Amino acid sequence: MSLKNKVALITGSASGIGKECAIKLSAAGAAVVIADLNLTDAQKVADEINQGGGKAIAIAMDVTNEEMVNAGIDETVKKLGSIDVLVSNAGIQIVHPIEDYPFAEWKKMMAIHLDGAFLTTKAAIKHMYDSGRGGSIIYMGSAHSHEASKLKAAYVTAKHGLLGLCKTVAKEGGPRKVRANVVCPGFVMTPLVEKQIPEQAKELGISEADVVKNVMLKETVDGEFTTVDDVANTVVFLAGFETNAITGQSILVSHGWFMQ
Ligand code: NAD
């Protein structure tokens, strides 16, 4: 399943899971677009890929800003010729008990995860339709697309919402060869999770070691973190899978934390 002559845009790819997706999509042959709020780090990822013999460009994109999303996707098609794979990955985490959850932070969470997924899909799918080749849209969900955890009302709501968007895009896009799927990782040690461990320890009144063992990894089959490689390999598989046989699905990559 080569991605040669394909173009993949990955949001939030200056760090963590998105960065590894970009590296592995490039290794599979795709030209990649590192789209992130943080242009300095995005450029570093693009430089790393280009120095390794791949093809990458970095673009500044706030996924909640319609003009920036449209401009970034138009720039992608202008510079690289098409957009065949969209990985809607940019995301944040904010934890509070619901009675203290600031409304502004709830709205920020919805904007990044849901508005971002909607805006990037809307902009990219037009090009996928116009090319006649279709494409693959991959949303970065979470085990929290299926499960809930305390303190994460906004995140769990947003990640569940992606399932609905994915299924609708799969139905609308199917006749025109556009597939849509959600990848649902368990806990992966990235800056997003590193920040959350002390915050959860404080809110729950337990030690950081207990947050890892008894909150984050408690339901896994082996007490292990999922890795960025595990998630990126799944994304590459979905990006290169060329038929509608797999569409509208969510794939758990979580050491068995949640079993469908
Ligand atoms: P991360 O913090 O390492 O990276 C997130 C990236 O998104 C950063 O580069 C950041 O600059 C970018 N970003 C944030 N807001 C943005 C915006 N408005 N527009 C564009 N870019 C923006 O986080 P990560 O752990 O790699 O998370 C990536 C995705 O994976 C998120 O959607 C997250 O919810 C999901 N996820 C993470 C885990 C985990 O355990 N780390 C588990 C399941 C799902």
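Every number for a ligand or one of its atoms is a count from 1 in the order of the listing. In this text the structure is predicted, and so the values were computed from the model without any measurement. The figures that follow rest on heavy atoms only: side chains count, while hydrogens, waters and symmetry mates do not.
- Taken to the nearest 0.5 Å, the CD1 atom of Ile34 stands 4.0 Å off from the CD1 atom of Ile49.
- No side-chain donor-acceptor contact under 3.5 Å links Asn65 and Asp62.
- Separation of atoms CG (Leu238) and OH (Tyr139) is listed at 13.0 Å; rounding is to 0.5 Å.
- The backbone N or O of Glu67 sits nowhere less than 3.5 Å from a side-chain atom of Asn70 that would complete a donor-acceptor pair.
- The protein heavy atom nearest to atom 24 (P) of ligand 1 is Thr190 OG1, 3.5 Å.
- Side-chain contact between Leu217 and Glu224: absent, with no pair of heavy atoms (C-beta onward) separated by less than 4.5 Å.
- A ring-centre distance under 6.0 Å is found for Tyr155 and His113.
- Residue-ligand proximity, Met140 to ligand 1, at heavy-atom distances under 4.0 Å covers atoms 29 (C), 30 (O), 35 (C).
- Looking at atom 3 (O) of ligand 1, its nearest protein heavy atom turns out to be Ser15 OG, 2.6 Å.
- Looking at Met189 against ligand 1, nothing comes within 4.0 Å, counting heavy atoms.
- The shell of residues lying under 4.0 angstrom from ligand 1, judged by heavy atoms, excludes His144.
- No part of Lys19 comes within 4.0 Å of ligand 1, judged by heavy-atom distances.
- Near Phe187, meaning under 4.0 Å from one of its heavy atoms, ligand 1 places the atoms 40 (O).
- Protein heavy atom at the shortest distance from atom 27 (O) of ligand 1 is Leu192 CD1, 3.9 Å.
- Not a single heavy atom of Phe225 lies less than 4.0 angstrom from ligand 1.
- Remark: Ile98 CD1 is loosely packed, at most 12 non-hydrogen atoms of other residues, nucleotides or ligands lying under 6.0 Å away.
- Distance from atom 36 (N) of ligand 1 to its nearest protein heavy atom, with residue and atom name: Tyr155 OH, 3.5 Å.
- The shortest N or O to N or O distance between Val193 and ligand 1 is not below 3.5 Å.
- Residue Asn38 has no nitrogen or oxygen atom sitting less than 3.5 Å from a nitrogen or oxygen atom of ligand 1, judged on distance alone.
- Protein heavy atom at the shortest distance from atom 7 (O) of ligand 1 is Gly12 CA, 3.4 Å.
- Ligand 1 does not have Gly116 within reach: every non-hydrogen atom of the residue lies 4.0 Å or more from it.
- Looking only at side-chain heavy atoms (C-beta outward), Val193 and Gln93 stay at 4.5 Å or farther from each other.
- The ligand atoms of ligand 1 that sit less than 4.0 angstrom from a heavy atom of Gly186 are 40 (O), 42 (C), 43 (C).
- Looking from atom 26 (O) of ligand 1 to the surrounding protein, the closest heavy atom is Ile17 N, 2.8 Å.
- Where the criterion is an N or O separation shorter than 3.5 Å, residue side chain and backbone included, Val63 meets it with respect to ligand 1.
- Annotation: Ser13 places no N or O atom under 3.5 Å from an N or O atom of ligand 1; distance criterion only.
- Around CD of Glu194, the count of heavy atoms belonging to other residues, nucleotides or ligands within 6.0 Å exceeds 12.
- Side-chain contact between Met259 and Val221 is present, with at least one heavy-atom pair separated by less than 4.5 Å.
- Here the side chains of Val235 and Ile10 are not in contact, with every heavy-atom distance at 4.5 Å or above.
- For atom 17 (C) of ligand 1, the closest non-hydrogen atom on the protein side is Leu37 CG, 3.5 Å.
- Nearest approach of Asn5 to Arg133, heavy atoms of both residues: O-NH2, 3.9 Å.
- Surrounding CD of Glu66 are at most 12 heavy atoms belonging to other residues, nucleotides or ligands under 6.0 Å away.
- Atom 28 (C) of ligand 1 has its closest protein heavy atom at Asn89 OD1, 3.3 Å.
- For atom 44 (C) of ligand 1, the candidate residues are Ala90, Gly141, Gly91; the nearest heavy-atom contact is made by Gly141.
- The distance from ligand 1 to the heavy atoms of Gly16 drops below 4.0 Å at these ligand atoms: 3 (O), 26 (O).
- Contact between Ser250 and Cys184 at its shortest, heavy atoms only, is CB-SG, 3.9 Å.
- Side-chain N/O atoms of Gln43 and Asp47 include a donor and acceptor closer than 3.5 Å.
- Ligand 1 has no atom lying under 4.0 Å from any heavy atom of Lys195.
- Across Val188, Thr64, Asp62, heavy-atom proximity to atom 40 (O) of ligand 1 is greatest for Val188.
- Every atom of ligand 1 is numbered from 1 in the order shown, and the set under 4.0 Å from a heavy atom of Met61 is 19 (N), 20 (C).
- Residue nearest to atom 10 (C) of ligand 1, selected from Asp36, Leu39, Val231, Leu162: Asp36 (by heavy-atom distance).
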